[in-house]
Number of protein chains: 2
Amino acid sequence: MKNSPLYKGSLTTIIMKLLEENGRMYGYEITQKVKKTTNGELNITEGALYPALHKLEAEGLLDVEVAKVDNRMRKYYKLTESGKKETVNRLEELEEFIRNMQTLVNPKTNPDLQF
Amino acid sequence: MKNSPLYKGSLTTIIMKLLEENGRMYGYEITQKVKKTTNGELNITEGALYPALHKLEAEGLLDVEVAKVDNRMRKYYKLTESGKKETVNRLEELEEFIRNMQTLVNPKTNPDLQF
DNA sequence: TTATTATGCATAAGAAAATTATGTATATAT
DNA sequence: ATATATACATAATTTTCTTATGCATAATAA
């Protein structure tokens with residue numbers, strides 16, 4: 001599947017929300033979780049995911065913990081305190097974004113509910 | 001206002017939907033319409049808008065018509081037949097995108113309505 | 001009257017965030 | 001043996017934007 005350009009800019013919000021929900025996850029796990037949740041409609045590529053994780057870590061929003069499971073490396077990520085606060089902001093931005101898009105694209109629908 | 005990264009990739013969809021709704025519009029008019037509709041929360045910059053309009057035109061999705069009003073130039077854009085068809089696709093993609101984001105971020109909420 | 005704001009277009013340089021294409025390595029299924 | 005799944009990583013390129021300019025006319029404020 002080719003992801004729509006609309007997903008551009010949404011990756012870090014998705015990552016942070018999943019970590020908020022699940023405590024800790026590793027990269028490959030995130031890609032599988034997203035694929036399953038969206039019924040295969042959104043596929044996060046490694047070329048997007050790993051640089052994004054590294055950047056969030058560099059910004060102090062994520063912590064890493066390396067583990068070896070079945071002789072294979074895993075890097076578990078979790079939100080830092082700072083990351084937890086930032087997650088709240090990102091989710092608010094997402095809600096505002098969705099409200100605005102719905103207003104622009106569907107001006108007759110009542111634009112509330114959902115959150 | 002600084003637009004959230006979430007808006008990346010949504011500009012052409014916004015433009016095409018506004019043109020579908022209003023028949024024809026010129027660039028500056030689009031920026032004002034979006035600003036007003038979103039209560040100032042989304043500001044389309046010229047550096048993003050004009051290249052986007054030129055690209056949509058080059059792709060055959062928009063037609064241009066130059067006019068002079070009050071001694072000032074305006075370039076009115078409208079959807080071509082091809083553009084009208086593509087608008088339907090873009091709006092479907094937007095709906096799918098919003099559904100997927102809501103499912104990812106708010107897994108407990110019933111993800112329908114709104115469209 | 002002069003400066004600022006609003007209207008209206010345009011493009012160039014740079015940044016951000018992705019895609020696409022590789023690369024390494026282990027485990028499992030055919 | 002070969003392909004698929006798991007698990008990480010990065011480099012080159014593309015897409016899409018921001019920021020900074022530039023030009024020009026009209027209206028408004030100082």
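Chain naming here is simple, since letters A, B, ... match the order of the sequence lines and numbering starts at 1 in each. As a basis for the values below, the full set of heavy atoms in this structure was taken, side chains included, without hydrogen atoms, waters or symmetry mates.
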If you apply the rule salt bridge (charged side-chain N to carboxylate O under 4.0 Å, His left out), what do you find for B:K33 with B:E29, and how did you get there?
CA-CA 6 Å; B:K33 176 77 172 177; B:E29 186 184 11; over 6 Å; no

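- The side chain of A:K55 contributes an N or O atom lying less than 4.0 Å from OP1 or OP2 of C:dA17.
- If you chain together hydrophobic residues whose side chains sit under 4.5 Å apart, B:M101 and A:V88 never meet in one group.
- A:E46 comes within 4.0 angstrom of a nucleotide base, judged by non-hydrogen atoms across all strands.
- If you take CZ of B:R72 and P of D:dA26, they are 7 Å apart, rounded to a whole angstrom.
- Here A:G27 lies in heavy-atom contact (under 4.0 Å) with sugar-phosphate atoms only.
- Taking only side-chain nitrogens and oxygens, A:H54 comes nearer than 4.0 Å to OP1 or OP2 of D:dT10.
- With hydrogens and angles disregarded, a donor-acceptor distance shorter than 3.5 Å links the side chain of A:S10 to the backbone of A:Y7.
- Each of A:V69 and B:A52 was assigned the nucleotide of DNA chain D with the nearest heavy atom; the assignment lying further toward the 5' end belongs to A:V69.
- Nucleotide C:dT5 holds its C1' atom 12 Å from the NZ atom of B:K35, rounded to whole Å.
- Regarding B:L53, its CG atom lies at a distance of 12 Å from the C1' atom of C:dA10, rounded to whole Å.
- One finds a side-chain N or O of B:K75 lying less than 4.0 angstrom from the OP1 or OP2 phosphate oxygen of C:dA10.
- Here C:dA18 presents its P atom at 5 Å from CG of A:L11, a figure rounded to the nearest Å.
- Considering all non-hydrogen atoms of both residues, B:M16 and B:L79 come closest at O-CD1, 3.8 Å.
- Summarising the geometry, the separation between CG on A:L49 and P on C:dT19 is reported as 11 Å, rounded to the nearest angstrom.
- Looking only at distances, no side-chain donor or acceptor of B:E95 sits under 3.5 Å from a matching main-chain atom of B:E92.
- Atom CD in A:Q32 sits about 11 Å away from atom C1' in D:dA7, given to the nearest Å.
- Distances were taken from every side-chain heavy atom of B:R74 (C-beta onward) to each of C:dG8, D:dT10, C:dA10; the shortest belongs to C:dG8.
- The side chain of B:N3 places no N or O atom within less than 4.0 Å of a non-bridging phosphate oxygen (OP1 or OP2) of D:dC17.
- For the pair A:Y7 OH and C:dT19 P, the interatomic distance rounds to 11 Å; values are reported in whole Å.
- Taking only side-chain atoms of A:Y26, from C-beta outward, the nucleotide of D:dT16, D:dC8, D:dA26 with the closest atom is D:dC8.
- The phosphate of D:dC8 (OP1 or OP2) has a side-chain N or O of A:Y50 nearer than 4.0 angstrom.
- Across all strands, B:T31 comes closer than 4.0 Å to no nucleic acid atom at all (heavy-atom distances).
- Residue contacts shown for B:G9 are limited to sugar-phosphate atoms, with no base heavy atom under 4.0 Å away.
- Of the candidates D:dA9, C:dC9, C:dT20, the closest approach to any side-chain atom of A:T45 belongs to C:dT20.
- What separates CG of B:N71 from P of C:dC9 is a distance of 14 Å, to the nearest Å.
- Residues B:S4 and A:E93 bring a donor and an acceptor atom of their side chains to less than 3.5 Å of each other.
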